[in-house]
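Since we're looking at a predicted model, the values are computed, not measured. Convention: sequence-line order gives letters A, B, ...; per-chain numbering from 1.
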Number of protein chains: 2
Amino acid sequence: MLSTIIPLHGTLYFEQTMKKNVSIEKRKTFRHGDLRNALVTAGLEMARAGGPNAVILREATRQAGVSPNAAYRHFAGQAELLDAVRSACLSRVAASIEDEMKKHKAGRDPQAFARKSLRAVGMGYLGFAVREPGMFRTAFSVPPPVHSPDPANTASMGLNPFQLLSLALDRMLDSGLLGKKDRQDAEYLAWSTVHGLALLALEGPLHKMPREMVLALGERLVVMVERGLG
Amino acid sequence: MLSTIIPLHGTLYFEQTMKKNVSIEKRKTFRHGDLRNALVTAGLEMARAGGPNAVILREATRQAGVSPNAAYRHFAGQAELLDAVRSACLSRVAASIEDEMKKHKAGRDPQAFARKSLRAVGMGYLGFAVREPGMFRTAFSVPPPVHSPDPANTASMGLNPFQLLSLALDRMLDSGLLGKKDRQDAEYLAWSTVHGLALLALEGPLHKMPREMVLALGERLVVMVERGLG
DNA sequence: CTATGAAGTAAACATCGTCCACATAATCTA
DNA sequence: TAGATTATGTGGACGATGTTTACTTCATAG
């Protein structure tokens with residue numbers, strides 16, 4: 001029967017987006033198979049290119065080769081899609097920090113290791129911000145409470161950026177670089193500095209500052225934190 | 001003639017927004033008289049309530065009792081309106097900093113004065129962020145380059161937030177608290193810290209942190225900057 | 001084999017920003 | 001003072017977005 005191949009009602013969303021959109025495989029099955037993922041992936045690409053405001057629900061469905069409303073089978077609305085995209089962005093941030101941390105192994109000098117760890121967190125964070133501005137801005141755009149152990153936010157080590165920072169600060173404490181009192185809530189102090197620089201440079205008044213200078217400032221910033229915390 | 005009171009074509013935009021919108025004076029004159037200002041004011045109120053994304057051009061015209069397109073006689077588009085609103089927000093920030101700075105007069109101890117100035121800048125900044133989250137987020141949402149001596153951005157002293165910070169840092173330098181080398185670009189370092197805390201607390205993962213704690217962290221942060229810069 | 005429910009589709013609505021053509025009135029000039 | 005000019009608003013339209021409601025398709029469980 002023809003109706004099994006060419007549906008009576010559904011036109012399977014072909015022609016209308018034949019401008020120059022890539023990657024629209026004319027799906028032949030009625031079911032997409034992996035739509036939720038496809039939407040998040042599309043959204044992630046939009047976030048990469050234009051930040052949180054650029055993740056458009058309809059556009060995501062378009063890229064997935066699906067009707068706009070199909071999205072509503074997987075997300076309650078645009079906000080929820082954005083949430084999923086944000087989670088994806090967050091784990092990229094975590095991955096970047098991990099990469100930076102892995103560059104230094106624990107040696108004989110625990111204090112040196114602790115310092116390197118803290119720097120790695122800061123620079124991994126800033127590095128990602130500079131490398132992937134859109135994703136970074138998306139990751140921290142709208143409030144997902146910090147104490148959510150959402151596994152989607154974590155990279156290979158299973159820690160989110162905040163937890164990675166805590167780890168580095170604990171090393172400072174353990175190696176005697178930080179007093180117990182100063183360790184208290186130090187996450188927020190350290191985090192604020194790099195986050196602030198990142199946003200000032202990405203979507204703030206320092207917008208036109210060249211990346212190298214941002215990173216150079218970042219180095220000074222981390223040193224400042226190191227000295228200032230103690 | 002009636003046509004001078006009741007225009008042939010124009011209905012003067014009455015009834016359609018009779019939901020519960022306040023402050024729509026049924027203007028009787030064809031000219032509004034001060035539309036540009038009215039639009040900015042309306043936009044500012046929206047920014048206050050919902051941040052940059054909430055400043056809607058059409059809504060502004062509605063509140064001004066005017067047709068949507070009337071806005072285009074004063075702004076090239078929504079972006080330009082937002083720009084004007086942002087400028088207004090920026091000068092509020094500056095005003096808040098000034099208020100904080102004025103609390104301390106220069107006394108016999110220049111170093112103490114310098115410290116107090118730096119703290120005042122930081123806490124004035126953070127205080128405004130906590131008090132007026134929407135305006136704060138709007139002020140620093142999209143990139144107006146930092147070195148714009150736009151008089152609209154300045155408060156009574158004629159300095160924008162960045163310049164006020166520079167002033168405080170100069171006092172640190174002059175009083176010997178800061179070396180010439182460390183003074184270099186210290187604005188960016190100090191700014192990053194408070195800006196970061198503000199954004200983490202407003203639209204970031206620290207969203208639910210109570211305001212008092214944010215300000216308490218702010219105090220520690222400023223101390224950290226003071227120690228870390230030197 | 002069928003019925004049930006998950007996944008997609010279609011068509012519509014409201015809202016937004018923006019463009020075009022036109023109307024109105026304040027002001028400038030003759 | 002009359003007439004032309006020009007700044008300021010209006011109306012209507014277009015395309016895009018998010019979202020709702022009712023319908024269709026089809027995989028699979030019993």
Side-chain angles (χ1 to χ4, degrees), chain A residues 1-17 19 21 24 26-39 42-43 46 50 52-83, chain B residues 1-17 19 21 24 26-39 42-43 46 50 52-83:
Chain A
M1 288 182 74
L2 263 170
S3 65
T4 65
I5 297 180
I6 301 178
L8 196 73
H9 221 94
T11 41
L12 282 188
Y13 251 65
F14 288 159
E15 52 294 334
Q16 56 252 50
T17 51
K19 311 156 190 176
N21 260 334
I24 348 183
K26 338 172 148 193
R27 158 179 53 101
K28 279 303 180 193
T29 58
F30 179 78
R31 298 276 201 255
H32 178 287
D34 194 23
L35 183 52
R36 198 201 140 91
N37 259 324
L39 292 177
M46 299 187 250
N53 284 338
V55 27
I56 307 294
L57 184 144
R58 282 180 106 106
E59 175 62 23
T61 63
R62 227 168 281 141
Q63 287 184 26
V66 119
S67 100
N69 296 340
Y72 286 81
R73 297 294 167 193
H74 302 270
F75 303 97
Q78 189 262 3
E80 204 166 275
L81 169 60
L82 216 189
D83 258 26
Chain B
M1 286 182 78
L2 264 168
S3 66
T4 64
I5 297 180
I6 301 178
L8 196 74
H9 220 93
T11 41
L12 283 188
Y13 250 65
F14 288 158
E15 52 294 334
Q16 56 252 48
T17 51
K19 309 157 191 177
N21 260 335
I24 347 185
K26 335 172 150 194
R27 158 179 53 101
K28 278 306 179 191
T29 58
F30 181 79
R31 297 281 202 258
H32 177 287
D34 193 24
L35 184 51
R36 196 199 142 93
N37 259 322
L39 292 176
M46 298 187 252
N53 284 338
V55 28
I56 308 294
L57 185 144
R58 283 180 106 107
E59 175 62 23
T61 62
R62 227 168 282 141
Q63 287 184 26
V66 121
S67 101
N69 294 336
Y72 286 81
R73 296 296 169 191
H74 302 270
F75 303 97
Q78 189 263 1
E80 205 165 274
L81 169 60
L82 216 190
D83 258 25

Peer 1: Among B:L57, B:V55, B:I56, which residue satisfies the side chain to side chain contact (heavy atoms under 4.5 Å, CB included) criterion with B:E59?
Peer 2: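 One option only clears the test, and that one is B:I56.
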Peer 1: Choosing from D:dG18, D:dT10, C:dT9, which nucleotide comes nearest the side chain of B:R73?
Peer 2: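 For B:R73, the side-chain atoms sit closest to D:dT10.
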Peer 1: Looking at A:Y72, I'd like to know whether one of its side-chain N or O atoms comes within less than 4.0 Å of OP1 or OP2 on D:dT19.
Peer 2: yes
Peer 1: What are the two closest non-hydrogen atoms of A:A71 and A:T61, and how far apart are they?
Peer 2: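 For A:A71 and A:T61, the tightest heavy-atom pair comes out as CB-CG2, 3.8 Å.
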Peer 1: Between D:dG18, D:dG9, C:dT18, which nucleotide gets closest to the side-chain atoms of A:Q78?
Peer 2: D:dG18
Peer 1: Round to a whole Å and report the spacing from CG of A:N53 to C1' of C:dC16.
Peer 2: 14 Å
Peer 1: Can you tell me which nucleotide in D:dT10, C:dG17, D:dT17 comes closest to the side chain of B:I56?
Peer 2: C:dG17
Peer 1: Let's see if you can work this out: which of D:dT10, D:dG18, C:dG17 has an atom nearest to the side-chain heavy atoms of A:R58?
Peer 2: D:dG18
Peer 1: State, to 0.1 Å, how close A:A60 and A:L81 come at their nearest heavy-atom pair, and which atoms those are.
Peer 2: CB-CD2, 4.3 Å
Peer 1: Return the value, rounded to whole Å, for the distance between atom CZ of A:F75 and atom P of D:dT20.
Peer 2: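 Whole-Å distance recorded here is 16 Å.
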Peer 1: What is the distance, rounded to the nearest whole Å, between atom CG of A:L57 and atom P of C:dG8?
Peer 2: 13 Å
Peer 1: Please give, in whole Å, the distance from D:dA27 P to A:L35 CG?
Peer 2: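 In whole Å, D:dA27 P lies 16 Å from A:L35 CG.
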Peer 1: Closest heavy-atom contact between A:A70 and A:L35?
Peer 2: CB-CD2, 3.8 Å
Peer 1: Whole angstrom is fine here: how far is it from CG in B:L82 over to P in C:dT18?
Peer 2: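 So the two atoms are 11 Å apart, to the nearest Å.
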Peer 1: A:L81 has an atom CG; how far is it from atom P of D:dT19, in whole Å?
Peer 2: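 After rounding, the gap between these two atoms is 10 Å.
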Peer 1: Counting only side-chain heavy atoms from C-beta out, which of D:dG18, C:dG8, C:dG17 sits nearest to A:V66?
Peer 2: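 The listed nucleotide nearest to A:V66's side chain is C:dG8.
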Peer 1: Counting side-chain heavy atoms from CB outward, which of D:dT8, C:dC16, D:dA22 is closest to B:R62?
Peer 2: C:dC16
Peer 1: Measuring from A:S67:OG to A:R58:CZ, what's the distance to the nearest 0.5 Å?
Peer 2: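 A:S67 OG to A:R58 CZ: 9.0 Å, rounded to 0.5 Å.
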Peer 1: Please tell me if A:H74 has a side-chain N or O lying less than 4.0 Å from either OP1 or OP2 of C:dG8.
Peer 2: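 For C:dG8, OP1/OP2 do have a side-chain N/O of A:H74 under 4.0 Å.
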Peer 1: Quick one: A:R36 CZ to C:dA6 P, roughly how many Å, whole number?
Peer 2: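 About 16 Å, once rounded to whole Å.
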Peer 1: A:M46 has an atom CE; how far is it from atom C1' of D:dA16, in whole Å?
Peer 2: 14 Å
